[in-house]
Amino acid sequence: AGLIPSWTYLVAYLAALGLIYAGYFTGTTGQTLGKIALGLRVVDSVGRPPGYLRALARAVLGSAGVLAAAAGLVPMAFDPARRALHDRLLKTRVVHI
């Protein structure tokens, strides 16, 4: 019973940790551990890693799009480059390396 009031703090902490992780690694190298394992990289319009702020915004918008009943992923079905809403808004794309 004593842990019930603290679950919201735990969820907020883990969400912040995930966003910081995605923002740092995607901003630095364009890859997280999962993207490295799958041979993927996030790049901007000139082929470089997107930078910290754009990568953090991409993680926030991507998470919001998935939480909104996956509505942020719908544009992937209509975009020839298969970019989701957060990639289209921030002018990034995921490429195979």
Side-chain angles (χ1 to χ4, degrees):
L3 293 178
I4 292 174
S6 64
W7 74 270
T8 55
Y9 297 111
L10 177 62
V11 170
Y13 172 74
L14 293 175
L17 194 62
L19 292 174
I20 291 168
Y21 163 78
Y24 177 76
F25 284 106
T26 302
T28 303
T29 64
Q31 295 177 297
T32 58
L33 291 175
K35 287 181 183 69
I36 291 170
L38 294 174
L40 301 173
R41 176 171 292 179
V42 177
V43 295
D44 62 9
S45 59
V46 293
R48 295 183 307 214
Y52 297 120
L53 290 177
R54 187 180 288 179
L56 182 61
R58 183 181 181 276
V60 169
L61 289 174
S63 298
V66 169
L67 290 175
L73 303 179
V74 171
M76 291 174 65
F78 305 105
D79 189 315
R82 300 288 185 238
R83 293 178 302 162
L85 182 61
H86 57 279
D87 285 322
R88 293 180 67 146
L89 291 173
L90 295 168
K91 297 180 179 28
T92 59
R93 58 191 169 101
V94 179
V95 296
H96 287 276
I97 55 172

Once you round to the nearest 0.5 Å, how far does CG of Leu56 lie from CG of Leu61?
9.5 Å

What about Val94 and Leu38, same hydrophobic cluster or not, with Ile/Leu/Val/Met/Phe/Trp/Tyr joined at side-chain heavy-atom distances under 4.5 Å?
yes

Within this structure, what is the OG1-CZ distance for the pair Thr26 and Arg54, rounded to the nearest 0.5 Å?
13.0 Å

For Tyr13, does the OH atom sit with more than 12 other heavy atoms under 6.0 Å from it, leaving out its own atoms?
no

Taking atom CZ as the centre, does Arg93 end up with more than 12 heavy-atom neighbours from other residues, nucleotides or ligands that are less than 6.0 angstrom away?
no

How close do Ala77 and Arg82 get, heavy atom to heavy atom, and via which atoms?
O-NH1, 3.7 Å

Nearest 0.5 Å, what's the NZ-OG1 distance between Lys35 and Thr29?
9.5 Å

Check: Gln31 side chain, Phe25 main-chain N or O, donor-acceptor pair, under 3.5 Å
no

Establish whether Leu17 and Tyr24 are linked, either directly or via other cluster members, by ILVMFWY side-chain heavy-atom contacts under 4.5 Å.
no

Name all pairs fulfilling the ring-ring contact (aromatic ring centres under 6.0 Å, His included) condition that reach into residues 75-97, sequence neighbours left out, sorted by first residue then second.
none

ILVMFWY network linking Val42 to Ile36, side-chain heavy atoms under 4.5 angstrom
no

For Thr28, what residues pass the side-chain hydrogen bond (donor to acceptor under 3.5 Å, both in side chains) criterion, not counting sequence neighbours?
Tyr52

Closest heavy-atom pair, Ala55 versus Ala22, reported as atoms and distance to 0.1 Å, is CB-O, 4.4 Å

Taking all atoms of both residues into account, what is the closest heavy-atom pair of Gly30 and Pro50, and its distance?
CA-CD, 4.4 Å

With a sphere of 6.0 Å drawn around CD1 of Ile97, does it hold more than 12 non-hydrogen atoms of other residues, nucleotides or ligands?
yes

Any side-chain heavy atom of Leu19 sitting closer than 4.5 Å to one from Ser63?
yes

If you measure from CG on Leu85 to CG on Leu73, what distance do you get to the nearest 0.5 Å?
9.0 Å

Apply salt bridge (charged side-chain N to carboxylate O under 4.0 Å, His left out) to Arg58 and Asp87, showing your working.
CA-CA 7 Å; Arg58 183 181 181 276; Asp87 285 322; 2.7 Å; yes

